[in-house]
Each structure stands twice: as structure tokens, then as C-alpha cells.
Amino acid sequence: MRDLVADVTLEPKNLMLPIFVKEGLEAPRSIEGMADVLQHTEQSFLDVLDDAIGAGIKSVMFFAVPKIRDAKGSQATAENGILSRVIRSARAHVGNDLVLVADLCLDEFTDHGHCGVLDNQGLIDNDSTLIRYADMGLVLAAAGADLLGTSGMMDGQVASIRKALDLRGFENTGILAYSAKYASGFYGPFRNAVESALDGDRKTYQQDYRRTREGLAEVELDLAEGADLIMVKPALVYLDVIAKAAAVSNRPVAAYLVSGEYAMVEASAKAGVIDRELAIFEILYSIRRAGAQIICTYWALEFAKKLKEQR
Ligand code: PBG
């Protein structure tokens with residue numbers, strides 16, 4: 001009876017798996033604060049792709065950790081840079097069995113750790129960053145990415161990347177726009193995962209969680225600029241934003257269940273104060289209930305497997 005009347009569903013295809021690959025790494029290694037998440041080598045992540053396909057997952061999102069960082073994030077636009085290499089070998093390995101999403105942001109590639117380039121006062125230079133993003137988009141599209149995950153929160157980023165893609169014949173490369181992304185205290189473990197060089201915060205470009213209207217304005221702007229999917233991030237403490245975004249969006253809505261949200265649950269499960277599996281299912285369903293069709297989560301593989309077994 002409970003199954004009959006339940007109206008929220010969760011399937012493996014709703015789960016998007018983030019994958020970290022580090023340049024020059026010789027063996028996979030675990031990430032501080034994210035016990036079961038690994039930094040992969042350029043070889044080892046390919047097995048994860050096979051696993052993901054086997055579990056019914058439809059999409060993966062790549063983050064790369066380069067060896068060399070500089071002020072403008074040169075490696076982000078290097079034709080044979082680590083992220084492009086990863087996309088290329090993923091494509092060769094899986095064909096069209098997975099949607100390949102490439103993170104499009106400079107933070108992993110800059111020596112100051114910010115998502116964009118800085119002006120001579122050390123402030124984010126929004127419009128110079130747009131030029132870097134457009135170049136990065138072209139490089140990642142040429143490498144074979146299906147979707148570009150624009151996570152940098154610069155104003156006008158979707159329009160600038162879309163225009164560059166269309167001019168250069170990449171009409172079929174889509175944009176997964178991180179539209180409502182908040183300056184959050186829940187990104188800590190991720191910054192270990194990508195060995196972020198950031199000292200300070202991103203409050204001048206990510207959103208203030210004390211504001212309700214701005215998130216929706218950003219969603220509407222990104223849709224108007226040509227976003228193919230929109231995303232809300234983090235997910236758990238922003239279920240209201242997901243619900244509002246889903247109500248106005250005529251495109252699919254995604255939510256990113258971020259590293260700190262993941263770590264919080266893992267820590268309390270380890271402490272024996274919650275039932276891990278029960279809690280995680282409840283969280284995943286809550287995000288679906290709020291209205292997100294896609295949940296980007298470090299639990300994607302494990303829970304896709306569980307969902308498959310349940311059938
Ligand atoms: C920045 C970026 C962040 C995450 C993904 N890309 C956040 C940040 O450092 O501001 C966080 C993801 C997570 O915490 O799981 N491009």
C-alpha cells in the first residue's frame with residue numbers, strides 16, 4: 001500500500017557521480033574528510049566508469065587536479081591539460097553510454113584558488129574571467145564533453161560560453177548551469193579533494209544564503225542565457241530554493257549534495273547516532289521531492305547499486 005501511493009521516485013538515472021582525477025598520481029588515494037571518495041589516477045577512474053554504467057548511472061561529472069597552477073589558470077585552457085585528457089579517455093572508454101560533464105571553473109587551476117582571474121587589487125575580474133571561461137569551454141567541448149558544468153558564478157558566464165560554442169561549431173555541447181550556488185560552509189572536504197589553494201572566501205561571487213529572491217533571479221538569467229539544465233548547490237539546506245527553481249524552470253533541475261553534507265552524514269553514521277542507509281535514502285528522496293531530477297552526489301554509485309538490487 002505504501003508503494004502504491006508513494007509519488008516520489010528515485011532511480012539510478014537520477015544520480016550523477018562526481019569523479020576526481022589528479023595529474024601525476026600513481027595510485028588512487030582517499031580524500032581527507034571524505035573517507036570513501038578517492039582521488040583517481042588517469043587510469044583508475046576508467047574502472048569507476050564501468051561500474052557506473054553497470055549500476056544504471058547515466059552521468060558523471062569530472063574535476064581535475066593539475067600539477068601546475070598559476071594566476072590565470074593556464075592549465076584550464078591547455079589543449080592537452082589534465083581535464084581535457086580525462087574527458088578524451090573517458091569518451092574513448094564509454095562511447096555514448098554515459099553523459100560526460102566537465103567542471104568549467106578556474107578554481108582548481110589558479111594558484112590563488114579563486115574561480116576567476118583577479119584584477120590588480122586582488123578582486124575577481126568578472127569580465128576577464130568570462131573570456132577564460134569561453135576558451136575553457138571550447139577546449140572541453142573539443143575534448144568531447146557532453147555538458148559543461150559552469151560552477152564559477154561569474155555574471156554572464158552561460159551567455160559567454162554558449163556564444164563561443166555556437167560560433168565554433170559546438171552547438172551540441174550543452175550547459176549545466178550552477179545557477180543558484182551559495183557561499184557555503186559545506187564545501188570544506190571538496191577543497192581537500194581538489195587541493196584548493198583558496199585563502200579567504202567566495203562571498204563576492206557566490207550567493208548570500210540570507211537572500212531569497214536572488215537565487216531565482218540567477219535561475220531566470222541562466223535560462224535566458226541558454227542553460228540546458230540548471231542546478232542548485234548545496235542541496236540539503238536549500239530544498240526551498242530547489243522547489244522554487246523547479247517551479248519556474250522549463251529545463252531539468254539538478255541539485256548538488258555537496259561534500260560537507262556528505263561528510264556530516266558519514267560522521268554521524270560512524271558515531272552510531274543515525275542509521276546510515278535509512279538517512280541517505282531519506283535525503284535523496286527529499287531532494288527528489290523538492291523537485292530536482294538529477295542529484296549530483298558522492299553516494300551515487302553505492303546507492304544506484306542498492307536501487308538496482310531493490311528492483
Ligand atoms: C568550485 C566548486 C565548489 C564545489 C564544486 N566546485 C565549491 C567551492 O569551492 O566554492 C563544491 C562541491 C562540494 O563541496 O562537494 N568550482
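Whatever order the structure lists them in is the order used to number ligands and atoms, beginning at 1. Basis for what follows: all heavy atoms, side chains included, without hydrogens, waters or symmetry-related copies.
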Side-chain donor-acceptor distances from residues 171-178 under 3.5 Å, at least two apart:
none

Pair up each side-chain donor or acceptor in residues 44-67 with any protein partner under 3.5 Å, not counting sequence neighbours, and list the distances.
from, atom 1, to, atom 2, distance (Å)
Ser44, OG, His40, ND1, 2.8
Ser44, OG, Thr41, N, 2.9
Ser44, OG, Thr41, OG1, 3.3
Asp50, OD1, His93, NE2, 2.9
Asp50, OD2, His93, NE2, 3.2

Scan the side chains in residues 234-255 for donor-acceptor partners under 3.5 Å anywhere in the protein, sequence neighbours excluded, and list what turns up.
from, atom 1, to, atom 2, distance (Å)
Ser249, OG, Arg251, N, 3.0
Ser249, OG, Arg251, O, 2.7
Arg251, NH1, Ala227, O, 2.7

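Ion pairing between Glu302 and Lys306 holds under the 4.0 Å rule for side-chain N and carboxylate O.
Sorted by chain and number, the residues within 4.0 Å of ligand 1 by heavy atom are Phe63, Cys105, Asp107, Ser151, Lys181, Phe186, Tyr187, Phe190, Arg191, Arg202, Gln206, Lys233, Tyr256, Val258, Ser259, Tyr298.
The aromatic rings of Tyr262 and Trp299 lie tilted to each other, with the angle between the two planes from 30° to 60°.
Within 6.0 Å of CG on Asp208 lie more than 12 heavy atoms contributed by other residues, nucleotides or ligands.
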